[in-house]
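Notes follow the structure.
Side chains are part of it too, since the values below use all heavy atoms of this structure and drop only hydrogens, waters and symmetry mates. Sequence positions, counted from 1, serve as the residue numbers for this chain. As the structure is a prediction and not an experimental result, all values here were calculated from the model.
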Amino acid sequence: MYAGKIVRLRAYRKDDIPRVLEYINDSDVKKNLVTGAPFPLRLEDEEKFYENISASKDAYSFAIETIADSRHIGGCGIGFVDWKNRFGDVGIYIGAEHYRGKGYGTDAMRILMQFVFTEMNLNKIRLSVFDFNQRGIKSYSKCGFKQESIRRQEMFREGKYHDVIMMGILRSEWEKLNN
C-alpha cells in the first residue's frame, strides 16, 4: 500500500469488481477514459480484467481508497512500459462522483508518480487527456505534467471532433518538484 495525504493506493480485491463496474460504466468516467465509443462493460469483462492484473509484469493497477474512511473511490495505474527507453503510460479515474474535483485524483496521481519513478525506475511518464476534460488537465498540471503535443481532432465524442492532448513529466522534473 502506498499512501498520500488523503488517499492510498492498494491492490484490487475481488470484492471491488461490482463497484469498479459501476464506476467504469458511469457516463462521466467513460466519457473521459476511452477514445472509442463509450460502450458499457459487462461483469464478465471486469472479471477478466481482474484476473489479468497480476499476470502482467509491465502494467500495475491500483485501487484508490480514501484514508479517512477506507472507501474505494477509483483506480489508477501504469498500463504500458517501454523498458528500453524507460517510459510508461499512466491513467486514472475517480468513479465516486462525490470525490471528483476535490483533490483525491491529484493526490493519487502524485503517489502513482512516486511509485513509477522510485520503484520502477522509469525516466518519463506520459498520459493523454481529452481537450474537454479541463478538470483532468488542471490536475495533471498541478502534478508537474507538461503539454507535449496535441493530436488534433483525433476523437469523436457527442457529435463533435476533439483534440487529444499528450502530456508528460520527466524524472528530473518530478525530483525538482519533490525536493
- Query: When you check the gap from the basic side-chain N to the acidic O, do Arg151 and Asp131 get nearer than 4.0 Å?
  - Reply: no
- Donor-acceptor pair, Asp107 side chain versus Val7 backbone, under 3.5 Å? yes
- Is a donor on one side and an acceptor on the other found under 3.5 Å between the side chain of Asp16 and the backbone of Arg13? yes
- Query: Are His162 and Phe130 an aromatic pair by the rule of ring centers under 6.0 Å?
  - Reply: no
- Does the side chain of Ile169 reach to within under 4.5 Å of the side chain of Lys146, using non-hydrogen atoms? no
- Message: Measuring only between side-chain heavy atoms, which start at C-beta, is Tyr93 closer than 4.5 Å to Arg100?
- Response: no
- Quick check: does any side chain N or O of Asp89 sit under 3.5 Å from a backbone N or O of Gly79, one acting as donor and the other as acceptor? no
- Query: CE of Met109 to CG of Leu9: how many Å apart, nearest 0.5 Å?
  - Reply: 10.0 Å
- Test item: Glu119 side-chain N/O and Val116 main-chain N/O as donor-acceptor pair under 3.5 Å: no
- Note on the structure: Rounding to 0.5 Å, atoms CZ (Arg10) and CZ (Phe62) come to a distance of 12.0 Å
- For Arg86, does its backbone N or O pair with a side-chain atom of Asn123 as donor and acceptor, under 3.5 Å? no
- Please answer: with hydrophobic residues joined when any side-chain heavy atoms are less than 4.5 Å apart, are Leu122 and Leu170 in the same cluster? no
- dist Tyr161:OH -> Met155:CE (nearest 0.5 Å) comes out at 11.5 Å
- Message: Could you measure the distance from the NZ atom of Lys48 to the CD1 atom of Ile17? Nearest 0.5 Å is fine.
- Response: 14.0 Å
- Message: Would you compute the distance between atom OH of Tyr23 and atom CD of Glu97 and round it to the nearest 0.5 angstrom?
- Response: 11.0 Å
- Go through the steps for Glu148 and Lys124 under the test salt bridge (charged side-chain N to carboxylate O under 4.0 Å, His left out), then give the verdict. CA-CA 12 Å; Glu148 296 185 331; Lys124 180 180 179 178; 3.1 Å; yes
- Query: So, Asn178 versus Arg110: side-chain donor-acceptor pair below 3.5 Å or not?
  - Reply: no
- Arg171 and Asn121: side chain to side chain contact (heavy atoms under 4.5 Å, CB included), yes or no, with the steps? CA-CA 9 Å; Arg171 180 188 193 121; Asn121 192 29; 2.8 Å; yes
- Task: Take Met167 and Ser149 through the test side chain to side chain contact (heavy atoms under 4.5 Å, CB included) and record every step on the way to the result.
- Result: CA-CA 7 Å; Met167 299 181 82; Ser149 66; over 6 Å; no
- Item | Counterpart residues, ring pair (Phe, Tyr, Trp, His ring centres under 6.0 Å), relative to Tyr99 (two or more places apart) | Tyr104
- Task: Would you confirm whether the ring centroid of Phe115 sits within less than 6.0 angstrom of the ring centroid of Tyr60?
- Result: yes
- Query: Is a side-chain donor or acceptor of Arg71 paired with a backbone partner of Glu65 at a separation under 3.5 angstrom?
  - Reply: no
- Less than 4.5 Å apart, any side-chain heavy atom of Tyr12 and any of His72? yes
- Item | Hydrophobic cluster identity match, Val34 and Phe132, side-chain contacts under 4.5 Å | no
- Might you point out which heavy atoms bring Met113 and Cys143 nearest each other, and give the distance in Å? CE-O, 3.3 Å
- Query: What heavy-atom pair brings Ile78 and Gly88 nearest, and what distance separates the two atoms?
  - Reply: CD1-CA, 3.8 Å
- Do the side chains of Val29 and Glu22 get nearer than 4.5 Å, heavy atoms only? no
- Query: Is a side-chain N or O of Arg126 found less than 3.5 angstrom from the main chain of Met166, in a donor-acceptor match?
  - Reply: no
- Query: Does some side-chain heavy atom of Ile92 sit less than 4.5 Å from a side-chain heavy atom of Leu112?
  - Reply: no
- Query: Which is it for Asn32 and Arg135 under the side-chain hydrogen bond (donor to acceptor under 3.5 Å, both in side chains) test, yes or no, and what are the steps along the way?
  - Reply: CA-CA 10 Å; Asn32 290 307; Arg135 184 171 54 219; over 6 Å; no
- Query: If you measure from OG1 on Thr106 to NZ on Lys142, what distance do you get to the nearest 0.5 Å?
  - Reply: 5.0 Å
- Query: How close do Ile6 and Lys102 get, heavy atom to heavy atom, and via which atoms?
  - Reply: CD1-O, 4.3 Å
- Query: Under a 4.5 Å side-chain heavy-atom rule over Ile, Leu, Val, Met, Phe, Trp and Tyr, are Tyr2 and Ile125 clustered together?
  - Reply: yes
- Message: Quick test of your reading of the model: are Glu46 and Arg42 salt-bridged, counting only N-O distances below 4.0 Å?
- Response: no
- Whether Ser128 side chain and Ile165 backbone form a donor-acceptor pair below 3.5 Å: no
- Would you say the side chain of Glu154 lies within less than 4.5 Å of the side chain of Asp163, judging by non-hydrogen atoms? no
- Give the minimum heavy-atom separation between Arg8 and Ile111, together with the two atoms involved. CA-CD1, 4.5 Å
- Item | Non-hydrogen atoms of Gly136 and Asn133 that approach each other most closely | N-OD1, 2.8 Å
- Query: So Val164 and Val129, side chain to side chain contact (heavy atoms under 4.5 Å, CB included) or not? Walk me through it.
  - Reply: CA-CA 6 Å; Val164 178; Val129 60; over 6 Å; no
- Query: Would you say the side chain of Phe145 lies within less than 4.5 Å of the side chain of Ile137, judging by non-hydrogen atoms?
  - Reply: no
- Task: Could you tell me whether the side chain of Asn85 and the main chain of Phe87 form a donor-acceptor pair under 3.5 Å?
- Result: no
- Task: Give a yes or no on whether the backbone of Leu41 and the side-chain of Asp45 come within a donor-acceptor separation of less than 3.5 Å.
- Result: no
- Query: What orientation do Trp174 and Phe117 show, parallel under 30°, tilted 30 to 60°, or perpendicular over 60°?
  - Reply: tilted
- Note on the structure: All heavy atoms of Ala3 vs all of Ile67, minimum pair found to be CB-CD1, 4.3 Å
- Please determine if Lys31 and Asp26 form a salt bridge, counting it only when a charged side-chain N lies under 4.0 Å from a carboxylate O. no
